[in-house]
Structures are given as structure tokens and as C-alpha cells.
Amino acid sequence: MAATMRRAFRARYVFPVAGPPIEGGVLTVEGQRIVAVGTTADGDVQDVTDFGNAAIIPGIVNAHTHLEFSDLTAPLSQPGVPLADWIRAVIAWRRECRGDVGSAVHRGVRESQMHGTTALGEIATAGWGTDDPGVKATLESAALGTVVFRELIGLRAASVPGRLTDAQAFLNIKPKYDRWRHGLSPHAPYTVHPELLRQCVELAATNRLPVAMHLAETREELELLAGGTGPLRRLLEELGQWEEGVLARGSRPLDYLREIVKAPRALVIHGNYLADDEVEFLAEHAATMSIVYCPRTHAYFGHDEYPLAKMLRRGVHVALGTDSRASNPDLNLWEEMRFVAERGTIAPAVVLEMGTLAGARALARGGEIGSLERGKFADFCAFALPVDKAREPHEWLLDRAAKLVAAYWRGESNA
Ligand SMILES: [Zn+2]
């Protein structure tokens, strides 16, 4: 297709997310970019697609996943499993059952595309792009954009230099096409030496990269930070990773927030058990810090109710993620949005924003994707709307009877 070809996409509603829904909306696209959003096509349009009784929305952004688990047909262990036991199950699965990581990533990308996802925040483990070139090739040919956060795990002091070398080696891998970008992920407080975290954040700051860290995921993590005790301590001992004195007694998630805020952008994954002053800290730094809530993974582990309404009220920037198929039945971010919407406490318009523009901003891509605005990439999808009209357009869109009928990435159909 010629880069200058101008096309129009019409539907009962266009949801730009950056503004209110437009009834009888038209999206005009030229090449990879949006050139206009309104009620009429802009300029000399060569082709018109009319989706009829449907809604055009921005491409969906899944801000947190681990695609290496995409071959799993069901989550590991059983609902309500304590995190330490789930980690044991992950380790056993990696040792005994894991197949080819490249093909799992490929499958995860295809599944994501099928559900209208056009951008991913992916956590990548050791070997990414070096001894497993299949993963890099998959992301470079995929019709979606990925921020690849290289995961760093090393709680013992002796492991710090090696992990930093790994991080640097990852940063030296250059994307062949503009389809993926670098990020760093110091995994979690119970797996990362404070010095590794400090230097990792410094590396991110120097290279202008986002950082993603699992934080305040369980009460056991808080217990370990506070007193060096509990199920996570036992797990670390079993794995030969526990070293007395590495985690200062009386530590808490706030100490970690104060460190990762030094990165240009920080994603706090989960944050299920943040204290009030920690939520306040995130609200104060909402311009560069985001929480990534993974609703069905949160439910799988049987955590206390997620303080989503409180976070939003305080002004915390909240994006959504599926997490992996090791704790979630699928990689369908739209299902996470419906899951939140169906609980009825969050306005559907806010749910739509969390699954699109908020995710894009969390991944430091808010200037290019996440909403339908002139100049942004033409990443969008169309949902056929139910016959019965709901009271409010967002409610109509998030109705379980609405069905994805098309998805576009940079102006090209993703089907
Ligand atoms: Zn995760």
C-alpha cells in the first residue's frame, strides 16, 4: 500500500479516549498515521470502511506480561496458591516442561493480536535475543509494538556484577525495526540486591529507559522486608539465595519506590499491598510512575480486594496487564477491562482509558499511541456493538455481547 493512501474508517461510535465518544464518527488514516478524527472524512479519501453498528477504539495496551509462558493451557498450581509455592511450580515447570521459548513468545504475540492488543510491556528472561534469536525475530516481525523489559534477578552480592553485565549486553542489542524498545526489570525486592537495583536504575536513567518492578505483591514480601522472615525467606534458603544482611530490617516498598522513581519512567507491577503513604507517593509522582494492575491474576492468587478506586481517587496513574498464562487463563486484556467494568465501581470510561492511553503512557509511548488523535500511529480496533443500546456509550462498548471485528496496527489490518 502506498504510504500516502488516505482511508476512512466509519462506525456508530468512535472513542478517541483523548476526548468524549463521537457518534457517527470517522477516523481518517494516511499510511501509518491518523490524520483526523471527527464526523466526516478528512480530504480526498481513496477508500472507506464502514463498520456499521460498531465502535472504533484505540489499540489495546497490555502493560505487563511474560510471553515465555504462552504455551501453558492453564495457570500453574491452583487458585489461591501462596506466591512462594507458585514460584516453586514455575521453577519446576521451567526445569521439566518448558518447550521452546521462541515459539511460546510467537504464540503469545499471535494471541495478543487476536484480541486487539497493539502494544505490550513484556518481561524477558535470560537469553533474550542472544542465545534465542527466535524471540527477537518474532518481535521484529510482529504487527504490534513491544517494550522489552530485561529481567534481572540476583539477591546475593556476588551476583551483582554479572547481572549488570547482562543488562548492558541487552542494551547493546539493537532493534532491527522500530517494533520493540528496551526497558529494564529488576524483578522484585525479594530477588534483587539493593545495589543491583541502584545500578540498574542508574543505567535506565543514563539510557532514558523505563523500569518495571514487581512490588508489594504479597503480605509475605512485606514480612520479608520488615523482618527477614516468612515463606519467602524459606524459599530463598531452599534456592541457596538467602544472604543475611542484604535486605535491611525494617525495609518496606516505599524504599523501593524512592529508588525506582529516579528512572525516567517506572512501572510498579501489582502493588497489591501498598500502604497509604506509598499510594500517596505514587500519586505525587503520577507523571512518571504507574501502577500496573493485573485484575484476573490478582483474583487467581486470592488477594485482598484491590484498592483500585482509592488509587484512582488519589490520582495514581493506573494501567492494566494480564501478567502471564502461568497465573491467568489467557492474554486477552479486553477481558481484564470487562472484569473491572463488571464489578461496577469504576466508570467504564476510566476502564477504557486504563486499557489504552494509560498503558501507552506507562510504557513511555503516550505521545505515539493509546488514543485516536491526529499524528499518532493508526493503531485501533473495532467492536461490533450489541443490538440493545445501553444507557451510556462506554457501557455499551464494554457489554459482554460486544465483539471484536477488526484490529489495525499502524494502519494495516492485523487479522
Ligand atoms: Zn509479572
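- Closest approach of Leu247 to Pro189, counting heavy atoms only: CD2-O, 3.7 Å.
- Between the side chain of Lys376 and the backbone N or O of Glu368, no donor-acceptor pair lies under 3.5 Å.
- Leu404 and Ala406 make their closest contact through CD1-O, 3.6 Å (heavy atoms, listed as atom of the first residue, atom of the second, distance).
- Of the possible donor and acceptor atoms, one in the side chain of Glu111 sits under 3.5 Å from a partner among the backbone N and O of Leu331.
- Of all the heavy atoms in Pro264 and Ala205, the pair that sits closest is CD-CA, 3.9 Å.
- Salt-bridge check for Asp255 with Arg252: failed, with every basic side-chain N at 4.0 Å or more from each acidic carboxylate O.
- Between the side chain of Thr206 and the backbone N or O of Glu202, at least one donor-acceptor pair lies under 3.5 Å.
- Here the side chains of Leu257 and Met289 are in contact, with some heavy-atom distance below 4.5 Å.
- Between Asp330 and Arg296 there is a salt bridge, since at least one side-chain N of the basic residue sits less than 4.0 Å from a carboxylate O of the acidic one.
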Open item on the list: As a quick check of understanding, evaluate side chain to side chain contact (heavy atoms under 4.5 Å, CB included) for Val17 and Leu352, giving each step before the final call.
Closed with: CA-CA 7 Å; Val17 174; Leu352 178 63; 3.7 Å; yes
- [ ] Any chance you could lay out the salt bridge (charged side-chain N to carboxylate O under 4.0 Å, His left out) test for Arg325 and Glu68, step after step, and finish with the verdict?
- [x] CA-CA 9 Å; Arg325 271 178 164 265; Glu68 65 168 304; over 6 Å; no
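- For the salt bridge (charged side-chain N to carboxylate O under 4.0 Å, His left out) condition, the pairs that include at least one residue of residues 302-312, sequence neighbours left out, are Arg219-Asp304, Asp276-Lys310.
- Residues Trp396 and Asn53 are in side-chain contact: their nearest non-hydrogen atoms beyond the backbone lie under 4.5 Å apart.
- Here the side chain of Arg6 pairs a donor or acceptor atom with the backbone of Asp42 at under 3.5 angstrom.
- Between Ile60 and Thr356, the closest heavy-atom pair is CA-CG2, 4.4 Å.
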Open item on the list: If you apply the rule side chain to side chain donor-acceptor pair (under 3.5 Å), what do you find for His394 with Glu392, and how did you get there?
Closed with: CA-CA 6 Å; His394 291 94; Glu392 195 272 321; 2.8 Å; yes
Task: Worked verdict on Glu223 versus Leu232 for side chain to side chain contact (heavy atoms under 4.5 Å, CB included) - done: CA-CA 9 Å; Glu223 183 187 353; Leu232 287 173; over 6 Å; no
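- Considering only residues two or more places apart in sequence or on other chains, Phe51 meets the ring-ring contact (aromatic ring centres under 6.0 Å, His included) condition with none of them.
- The structure places CD1 of Ile346 at 12.5 Å from CD of Glu353, a figure rounded to the nearest 0.5 Å.
- A 6.0 Å sphere centred on CG of Asn172 holds more than 12 heavy atoms belonging to other residues, nucleotides or ligands.
- Relative ring orientation between Tyr190 and His187 is described as perpendicular, the plane-to-plane angle rising above 60° on a 0-90° scale split at 30° and 60°.
- The side chain to side chain donor-acceptor pair (under 3.5 Å) search around Glu195 returns Arg198, Gln199, not counting sequence neighbours.
- Listed by chain and residue number, nothing satisfies the ring-ring contact (aromatic ring centres under 6.0 Å, His included) test with Tyr300 (two or more places apart in sequence, or in another chain).
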- [ ] Under the ring pair (Phe, Tyr, Trp, His ring centres under 6.0 Å) rule, what do Tyr293 and His270 come out as? Steps first, then yes or no, please.
- [x] CA-CA 5 Å; Tyr293 170 39; His270 304 308; 9.0 Å; no
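- Cation-pi geometry between Arg410 and Phe377 is met: the NZ or CZ atom falls under 6.0 Å from the ring centre, inside 45° of the normal.
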TODO: Under the side chain to side chain contact (heavy atoms under 4.5 Å, CB included) rule, what do Leu196 and Leu164 come out as? Steps first, then yes or no, please.
DONE: CA-CA 7 Å; Leu196 174 58; Leu164 290 168; 3.9 Å; yes
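- Remark: Glu122 does not engage Arg150 in a salt bridge, criterion side-chain N to carboxylate O under 4.0 Å.
- Taking CG from Leu72 and CZ from Phe69, the interatomic distance works out to 7.5 Å, rounded to the nearest 0.5 Å.
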TODO: Test Asn332 against Thr322 for side chain to side chain contact (heavy atoms under 4.5 Å, CB included), laying out the working first.
DONE: CA-CA 7 Å; Asn332 186 351; Thr322 55; 5.9 Å; no
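- Separation of atoms CG (Leu333) and NE2 (His64) is listed at 12.0 Å; rounding is to 0.5 Å.
- Without hydrogens or angle criteria, Ser290 side chain to Ala286 main chain gives no donor-acceptor distance under 3.5 Å.
- The two residues Leu184 and Ala167 have their closest heavy-atom pair at CD2-CB, 4.1 Å.
- Rounded to the nearest 0.5 Å, atoms CZ (Arg181) and CG (Asp178) are 5.0 Å apart.
- Taking 4.0 Å as the cut-off between side-chain N and carboxylate O, Arg7 and Glu30 do not count as a salt-bridged pair.
- Taken from CD in Glu96 to CD1 in Ile91, the straight-line distance is 11.5 Å, to the nearest 0.5 Å.
- When only modelled atom types and interatomic distance are considered, His298 and Asp323 share no side-chain donor-acceptor pair under 3.5 Å.
- Listed for the Arg265 side chain is a donor-acceptor partner under 3.5 Å among the backbone atoms of Ala287.
- Between Glu336 and the choices Asn62, Thr297, Asn328, the side chain to side chain contact (heavy atoms under 4.5 Å, CB included) rule is met once, by Asn328.
- Note: Tyr13 and Phe15 have tilted aromatic rings, judged against thresholds of 30 and 60 degrees for the angle between ring planes.
- For the residue pair Val109 and Ala142, the shortest heavy atom distance occurs at CG1-CB, 3.6 Å.
- Listed by chain and number, the residues in a side chain to side chain donor-acceptor pair (under 3.5 Å) with Asp379 amount to none (sequence neighbours excluded).
- One N or O on the side chain of Glu140 and one on the backbone of Lys176 form a donor-acceptor pair closer than 3.5 Å.
- Legend: ring-ring contact (aromatic ring centres under 6.0 Å, His included) pairs involving residues 327-368, not counting sequence neighbours, sorted by first then second residue: Trp334-Phe383.
- Proximity of Val61 to Thr117: side-chain heavy atoms (C-beta onward) are nowhere separated by under 4.5 Å.
- One finds the NE2 atom of His214 at 10.0 Å from the CD atom of Glu221 (value rounded to the nearest 0.5 Å).
- In summary, the aromatic rings of His303 and Tyr273 are positioned with their centroids under 6.0 Å apart.
- Other residues, nucleotides and ligands place no more than 12 heavy atoms under 6.0 Å from the CZ atom of Arg208.
- Looking at His193, its side chain never comes within 3.5 Å of a backbone N or O of Val246 through a donor-acceptor pair.
- With contacts defined as side-chain heavy-atom distances shorter than 4.5 Å, the pair Thr28/Ile34 does not qualify.
- Looking only at distances, a side-chain donor or acceptor of Glu278 sits under 3.5 Å from a matching main-chain atom of Ala275.
- Using cut-offs of 30° and 60° on the angle between ring planes, the pair Trp86 and Phe301 is perpendicular.
- No donor-acceptor distance shorter than 3.5 angstrom exists from the side chain of Glu395 to the backbone of Pro348, with no hydrogens or angles considered.
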